[in-house]
Peer 1: 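The structure is given below, and queries will be raised subsequently.
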Amino acid sequence: MDAQVGIIMGSKSDWEVMSQVSATLDKLGISSENRVISAHRAPKLLTEYCESARDRGIKVLVCGAGLAAALPGVAAAHTPLPVLGVPLEAGALKGQDALHAIVQMPPGIPVGTLAIGKPGAINAALLAAAILALSDDKVRAALDDFRAAQTQKIADMPPPDKS
């Protein structure tokens with residue numbers, strides 16, 4: 001099956017967090033491909049990847065980046081596809097710099113920005129699924145089942161002890 005979601009990260013060390021995107025998509029039966037492509041160290045490769053993504057069947061890109069976090073914005077500049085940015089915790093500012101870099105895109109180059117780290121990676125996968133569900137009944141059903149199971153898990157929790 002051709003990948004529907006492209007997962008891009010700036011370095012292999014980002015996989016620790018970005019693997020959460022892949023794992024969540026797998027649970028929903030959504031195909032993805034994972035690539036390490038640095039916006040700074042391999043800009044031509046990133047351009048080629050993003051410009052060819054739609055023709056290869058990719059419908060959403062999820063980009064994880066830390067520090068200067070140029071990756072999601074550069075990807076969005078090279079594709080009309082929805083781009084979701086996951087700020088990664090790195091350096092002295094613990095991902096705050098990445099969050100600000102990703103969320104502050106100029107008008108005309110949108111990037112949907114998620115939370116820093118693992119929660120953002122999981123939510124990026126769920127948001128990608130919601131985008132795909134607009135035109136894919138199988139994904140819609142999988143996402144509905146995921147949300148219902150999540151709700152049921154909370155409903156089944158026993159109340160906290162008073163002690």
Side-chain angles (χ1 to χ4, degrees), residues 1 3-39 46 49-50 53-54 57-91 93-105 109-157:
M1 175 191 276
Q4 295 178 282
V5 177
I7 302 169
I8 313 171
M9 62 216 84
S11 70
K12 193 172 181 180
S13 63
D14 298 338
W15 181 244
E16 182 179 342
V17 170
M18 295 305 288
S19 65
Q20 300 298 314
V21 179
S22 181
T24 303
L25 292 171
D26 286 348
K27 289 177 189 173
L28 297 169
I30 299 170
S31 57
S32 63
E33 63 183 26
N34 311 305
R35 295 290 306 270
V36 175
I37 310 175
S38 169
L46 180 60
Y49 179 87
C50 293
R54 183 166 58 175
I58 300 291
K59 295 179 177 69
V60 180
L61 293 176
V62 178
C63 302
L67 302 172
L71 181 61
V74 173
H78 290 289
T79 185
L81 296 174
V83 175
L84 307 177
V86 179
L88 300 176
E89 192 174 321
L93 299 179
K94 305 290 187 208
Q96 291 293 320
D97 47 352
L99 174 63
H100 288 262
I102 296 171
V103 81
Q104 290 293 341
M105 292 302 300
I109 309 296
V111 173
T113 308
L114 287 297
I116 297 169
K118 182 179 174 181
I122 293 167
N123 281 340
L126 295 172
L127 185 54
I131 292 167
L132 295 172
L134 293 171
S135 61
D136 186 322
D137 290 337
K138 183 179 172 187
V139 173
R140 182 181 307 125
L143 187 58
D144 288 348
D145 289 348
F146 174 89
R147 292 182 65 121
Q150 181 176 253
T151 298
Q152 191 61 50
K153 185 177 178 181
I154 297 299
D156 292 343
M157 282 187 182

Peer 1: Specify the closest pair of heavy atoms between Val86 and Met18, including all atoms of both residues, with the distance to one decimal.
Peer 2: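 That would be CB-SD, 4.2 Å.
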Peer 1: Begin with the C-alpha distance, continue with both residues' side-chain angles, and end with the deciding distance and a verdict on side-chain contact (heavy atoms from CB on, under 4.5 Å) for Ile58 and Leu81.
Peer 2: CA-CA 8 Å; Ile58 300 291; Leu81 296 174; 3.9 Å; yes
Peer 1: Between Pro87 and Ala115, what is the shortest heavy-atom contact and its length?
Peer 2: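 Here Pro87 and Ala115 meet closest at CD-O, 3.4 Å.
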Peer 1: Between Thr113 and Met105, is any pair of side-chain heavy atoms under 4.5 Å apart?
Peer 2: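 Counting from C-beta outward, Thr113 and Met105 never come under 4.5 Å.
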Peer 1: Among pairs that include at least one residue of residues 64-85, which meet side chain to side chain donor-acceptor pair (under 3.5 Å), considering only residues two or more places apart or in two chains?
Peer 2: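 Those involving residues 64-85 are Thr47-His78.
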Peer 1: Measuring from Ile116:CD1 to Leu99:CG, what's the distance to the nearest 0.5 Å?
Peer 2: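 Answer rounded to 0.5 Å: 5.0 Å.
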Peer 1: About how many Å separate NZ of Lys118 and CD of Gln20, when rounded to the nearest 0.5 Å?
Peer 2: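 Output value for this atom pair is 4.5 Å.
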Peer 1: So which atom in Val83 and which in Cys63 form the shortest heavy-atom distance, rounded to 0.1 Å?
Peer 2: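 It is CG1-SG, 4.0 Å.
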Peer 1: Working to the nearest 0.5 angstrom, can you tell me the gap between Tyr49 OH and Ile8 CD1?
Peer 2: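 Those atoms lie 5.0 Å apart.
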Peer 1: What are the two closest heavy atoms between Ala128 and Val62, and how far apart are they?
Peer 2: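 In this case the closest contact between Ala128 and Val62 is CB-CG2, 4.5 Å.
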Peer 1: Side chains of Ile7 and Leu25: does their closest heavy-atom pair fall under 4.5 Å?
Peer 2: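 Of all side-chain heavy-atom pairs linking Leu25 with Ile7, at least one is under 4.5 Å.
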Peer 1: Taking C-beta and beyond as the side chain, do Leu46 and Leu71 meet within less than 4.5 Å on heavy atoms?
Peer 2: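 The answer is yes, as the side chains (C-beta and beyond) meet within the 4.5 Å cut-off.
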Peer 1: Measure across Asp14 and Gly64 and return the closest heavy-atom pair with its distance rounded to 0.1 Å.
Peer 2: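 Scanning both residues completely, I find the closest heavy atoms to be OD2-O, 4.1 Å.
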Peer 1: If you round to the nearest 0.5 Å, how far is CD of Gln150 from CG of Leu126?
Peer 2: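 If I round to the nearest 0.5 Å, the distance is 7.5 Å.
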Peer 1: Any side-chain heavy-atom pair from Leu61 and Val5 closer than 4.5 angstrom?
Peer 2: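 Sidechains of Val5 and Leu61: no contact.
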Peer 1: Applying salt bridge (charged side-chain N to carboxylate O under 4.0 Å, His left out), can you list everything that pairs with Asp156, at least two apart in sequence or on another chain?
Peer 2: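 Asp156 satisfies salt bridge (charged side-chain N to carboxylate O under 4.0 Å, His left out) with no other residue.
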Peer 1: With sequence neighbours left out, write down each residue that passes salt bridge (charged side-chain N to carboxylate O under 4.0 Å, His left out) with Arg147, or none if nothing qualifies.
Peer 2: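 Here no residue qualifies.
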Peer 1: How far apart are the C-alpha atoms of Arg140 and Asp144, what are their side-chain angles, what is the distance that settles it, and do they pass the side-chain contact (heavy atoms from CB on, under 4.5 Å) test?
Peer 2: CA-CA 6 Å; Arg140 182 181 307 125; Asp144 288 348; 3.9 Å; yes
Peer 1: Please check if the side chain of Thr24 supplies one atom and the backbone of Ala125 the other of a donor-acceptor pair under 3.5 Å.
Peer 2: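 No.
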Peer 1: If I compare all heavy atoms of Gly66 with all of Ala98, which pair ends up nearest, and what's the gap?
Peer 2: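 So the minimum-distance heavy-atom pair works out to CA-CB, 3.8 Å.
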Peer 1: Enter the distance from Cys50:SG to Arg35:CZ here, rounded to the nearest 0.5 Å.
Peer 2: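 So the gap between those two atoms works out to 10.0 Å.
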Peer 1: Measure the spacing between CD1 of Ile30 and CG of Asp136 and express it to the nearest 0.5 Å.
Peer 2: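 If we round to the nearest 0.5 Å, Ile30:CD1 and Asp136:CG are 8.0 Å apart.
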